[in-house]
Amino acid sequence: MTKSLTIPPLTDDLVQVLIDAATIERRVDEIASEINRDYRNVSDPLILVGILKGSFIFLSDLSRKLRIPHVIDFIAISSYGNQGTEQGNVRMLMDTRENMSGRDVLIVEDIIDSGNTLDYLQRNFATRGAKSVRIATFLDKKDRHKTDIKLDYMGFEIPDVWVVGYGLDYKEKYRTLPYIAEMHPVK
Ligand code: IMP
Ligand code: MG
């Protein structure tokens with residue numbers, strides 16, 4: 001079968017491609033190399049916890065580039081409203097399955113905005129006795145942070161615009177675009 005070279009075109013909702021697919025792939029490679037190096041001596045498999053739904057594509061690409069023992073887990077969090085979690089209301093909709101006690105945990109997130117989701121999860125996982133809790137985020141809106149969080153692995157810093165693609169959505173649309181695109185401000 002020949003590989004399709006068709007790139008889905010921008011629709012009227014989208015302003016421009018911010019990060020193309022080739023650039024994404026190179027960066028995910030680099031992040032995987034860092035993780036492979038940092039966790040090369042893990043005894044028990046690293047637990048990768050993807051935050052649903054946005055992280056599922058980053059998690060699947062990243063995990064397939066890992067050469068260290070790891071297991072996949074997921075958590076679902078609700079943030080009220082569609083624009084991130086600005087009000088700081090974070091609620092768990094679906095919990096992980098792995099027992100984190102004594103284990104190394106790597107939270108895999110699509111994008112950090114206020115940082116409230118990550119702040120909540122880091123505390124929550126720490127109370128379960130995880131040996132270490134680190135964060136890998138694909139994107140970071142650094143200027144929007146409201147909490148002081150340390151990002152251990154970060155793909156790209158982006159400005160304060162709404163982005164879609166590579167797992168990220170706007171009202172469930174555009175998640176499966178192979179690139180990151182900027183949306184027109186929603187009226
Ligand atoms: P935080 O808790 O404010 O850091 O919110 C992070 C969450 O808001 C992410 O996991 C996304 O679900 C969502 N989010 C924030 N900015 C964007 C964006 O530009 N596009 C899509 N989702 C976003
Ligand atoms: Mg999310």
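Being a predicted model, the structure only gives us computed values, none of them experimental.
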Colleague: Do you know which two heavy atoms are closest between Lys65 and Asn36, and how far apart they sit?
Modeller: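 Minimum heavy-atom separation between Lys65 and Asn36: O-ND2, 3.3 Å.
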Colleague: Can you check whether Pro69 reaches Val42 side chain to side chain, under 4.5 Å on heavy atoms?
Modeller: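 Yes; the side chains approach each other to less than 4.5 Å.
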Colleague: Checking side-chain contact (heavy atoms from CB on, under 4.5 Å) between Tyr166 and each of Thr176, Ile111, Val28, which is the one that passes?
Modeller: Val28
Colleague: Give, for atom CD of Glu98 and atom CD1 of Ile72, the distance between the pair rounded to the nearest 0.5 Å.
Modeller: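 If I round to the nearest 0.5 Å, the distance is 10.0 Å.
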Colleague: Might you point out which heavy atoms bring Asp152 and Lys150 nearest each other, and give the distance in Å?
Modeller: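 Between these two residues, the closest heavy atoms are OD1-NZ, 2.7 Å.
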Colleague: Compare every heavy atom of Ala181 with every heavy atom of Leu10, then report the nearest pair and how far apart it is.
Modeller: CD2-CB, 4.1 Å
Colleague: Checking the side chain of Lys141 only, and the main-chain atoms of Val161 only, is there a donor and an acceptor separated by less than 3.5 Å?
Modeller: yes
Colleague: In terms of the angle between their ring planes, are Tyr170 and Trp162 parallel, tilted or perpendicular, with boundaries placed at 30° and 60°?
Modeller: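 Taking Trp162 first and then Tyr170, their aromatic rings stand perpendicular (interplane angle over 60°).
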Colleague: Say whether, by atom type as modelled, one donor and one acceptor occur between the side chain of Arg97 and the main chain of Asp73 under 3.5 angstrom.
Modeller: no
Colleague: Would you indicate whether the side-chain heavy atoms of Leu106 and Ile47 approach each other to under 4.5 Å?
Modeller: no
Colleague: Indicate yes or no: does Lys53 engage Asp169 in a salt bridge with an N to O separation below 4.0 Å.
Modeller: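 No, this pair does not count.
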Colleague: Do Leu93 and Ile77 have side-chain heavy atoms sitting under 4.5 Å apart?
Modeller: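 Answer no - side chains too far apart.
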Colleague: State whether the number of non-hydrogen atoms from other residues, nucleotides or ligands found under 6.0 Å of Glu34 atom CD is greater than 12.
Modeller: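 Check passes, neighbour count above 12.
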Colleague: For residues Ile31 and Gly155, report the shortest heavy-atom separation together with the two atoms involved.
Modeller: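 Scanning both residues, the minimum pair turns out to be CD1-CA, 3.7 Å.
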Colleague: Do Asn116 and Thr147 have side chains that approach each other closer than 4.5 Å (heavy atoms only, starting at C-beta)?
Modeller: yes
Colleague: Could you walk me through whether Leu118 and Glu109 pass the side-chain contact (heavy atoms from CB on, under 4.5 Å) check?
Modeller: CA-CA 8 Å; Leu118 263 300; Glu109 175 62 309; 3.7 Å; yes
Colleague: Run the side-chain contact (heavy atoms from CB on, under 4.5 Å) check on Ile35 and Tyr153 step by step: do they pass?
Modeller: CA-CA 8 Å; Ile35 295 171; Tyr153 308 98; 3.8 Å; yes
Colleague: Taking Pro8's backbone N and O only, do any of them form a donor-acceptor pair with Tyr179's side chain (distance below 3.5 Å, no angle check)?
Modeller: yes
Colleague: Is Leu121 close to Ile75 at the side-chain level, that is, under 4.5 Å between some pair of heavy atoms?
Modeller: yes
Colleague: Run the side-chain contact (heavy atoms from CB on, under 4.5 Å) check on Leu139 and Ile19 step by step: do they pass?
Modeller: CA-CA 11 Å; Leu139 298 176; Ile19 311 169; 3.7 Å; yes
Colleague: With sequence neighbours left out, write down each residue that passes side chain to side chain donor-acceptor pair (under 3.5 Å) with Thr11, or none if nothing qualifies.
Modeller: Tyr174
Colleague: Which heavy atom in Leu48 sits nearest to a heavy atom in Ser63, and how many Å separate them?
Modeller: CD1-CB, 3.8 Å
Colleague: Indicate whether the side chain of Asp140 and that of His145 have a donor and an acceptor atom separated by less than 3.5 Å.
Modeller: yes
Colleague: Could you tell me the separation between the OG atom of Ser78 and the CG atom of Leu52, rounded to the nearest 0.5 Å?
Modeller: 13.0 Å
Colleague: Does any part of the side chain of Lys173, heavy atoms only, come nearer than 4.5 Å to the side chain of Asp13, both counted from C-beta?
Modeller: yes
Colleague: So, Asn99 and Ser101: side-chain donor and acceptor under 3.5 Å apart, yes or no?
Modeller: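 Absent: no donor and acceptor within the cut-off.
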Colleague: Can you check whether Asp110 reaches Phe56 side chain to side chain, under 4.5 Å on heavy atoms?
Modeller: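 In short, these two side chains do not touch, never coming nearer than 4.5 Å.
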Colleague: Could you work out, with side chain to side chain donor-acceptor pair (under 3.5 Å) as the rule, every residue matching Arg64, not counting sequence neighbours?
Modeller: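 With neighbours one apart ignored, the set is Asp61.
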Colleague: Between Ile180 and Val15, is there a shared hydrophobic cluster once you connect ILVMFWY residues whose side-chain heavy atoms come closer than 4.5 Å?
Modeller: no
Colleague: Going by salt bridge (Lys or Arg N to Asp or Glu O under 4.0 Å), name the pairs with one or both residues in residues 118-137, residues two or more places apart or in two chains.
Modeller: Asp38-Arg134, Asp95-Arg128, Asp104-Lys131, Asp119-Arg123
Colleague: About how many Å separate CD1 of Ile158 and CG of Leu18, when rounded to the nearest 0.5 Å?
Modeller: 6.5 Å
Colleague: I'd like to know whether Val71 forms a side-chain contact (heavy atoms from CB on, under 4.5 Å) with Arg103, so could you lay out the CA-CA distance, the side-chain angles of the two residues, the decisive distance to 0.1 Å, and finally the verdict.
Modeller: CA-CA 11 Å; Val71 296; Arg103 301 285 295 275; 4.1 Å; yes
Colleague: Sequence neighbours excluded, which residues qualify as salt bridge (Lys or Arg N to Asp or Glu O under 4.0 Å) partners of Asp160?
Modeller: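 Residues passing salt bridge (Lys or Arg N to Asp or Glu O under 4.0 Å) with Asp160: Arg144.
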Colleague: Please round to the nearest 0.5 Å and tell me the distance separating atom CD1 of Ile112 and atom CD1 of Ile135.
Modeller: 5.5 Å
Colleague: Does one hydrophobic cluster hold both Leu59 and Leu66, with members joined at side-chain heavy-atom distances below 4.5 Å?
Modeller: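 Both belong to a single hydrophobic cluster.
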Colleague: Taking side chain to side chain donor-acceptor pair (under 3.5 Å) as the definition, give me every residue that meets it alongside Glu182, ordered by chain and number, with sequence neighbours left out.
Modeller: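 With sequence neighbours excluded, Glu182 shows a side chain to side chain donor-acceptor pair (under 3.5 Å) to Gln16, given in chain and number order.
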Colleague: State, to 0.1 Å, how close Val133 and Ala126 come at their nearest heavy-atom pair, and which atoms those are.
Modeller: CG2-N, 4.5 Å
Colleague: Mind checking salt bridge (Lys or Arg N to Asp or Glu O under 4.0 Å) for Glu30 and listing every partner two or more places apart, or none if nothing turns up?
Modeller: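 Residues passing salt bridge (Lys or Arg N to Asp or Glu O under 4.0 Å) with Glu30: Arg27.
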Colleague: Would you say Thr23 and Asp20 are linked by a side-chain donor-acceptor pair, where the criterion is simply a distance under 3.5 Å?
Modeller: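 Yes, because at least one side-chain N or O of Asp20 sits under 3.5 Å from a partner of the opposite role on Thr23.
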Colleague: Determine whether Ile149 and Ile107 fall in the same hydrophobic cluster, where Ile, Leu, Val, Met, Phe, Trp and Tyr are linked whenever their side-chain heavy atoms lie under 4.5 Å apart.
Modeller: yes
Colleague: Please confirm whether the ring centroid of Phe156 lies under 6.0 Å from the ring centroid of Phe138.
Modeller: yes
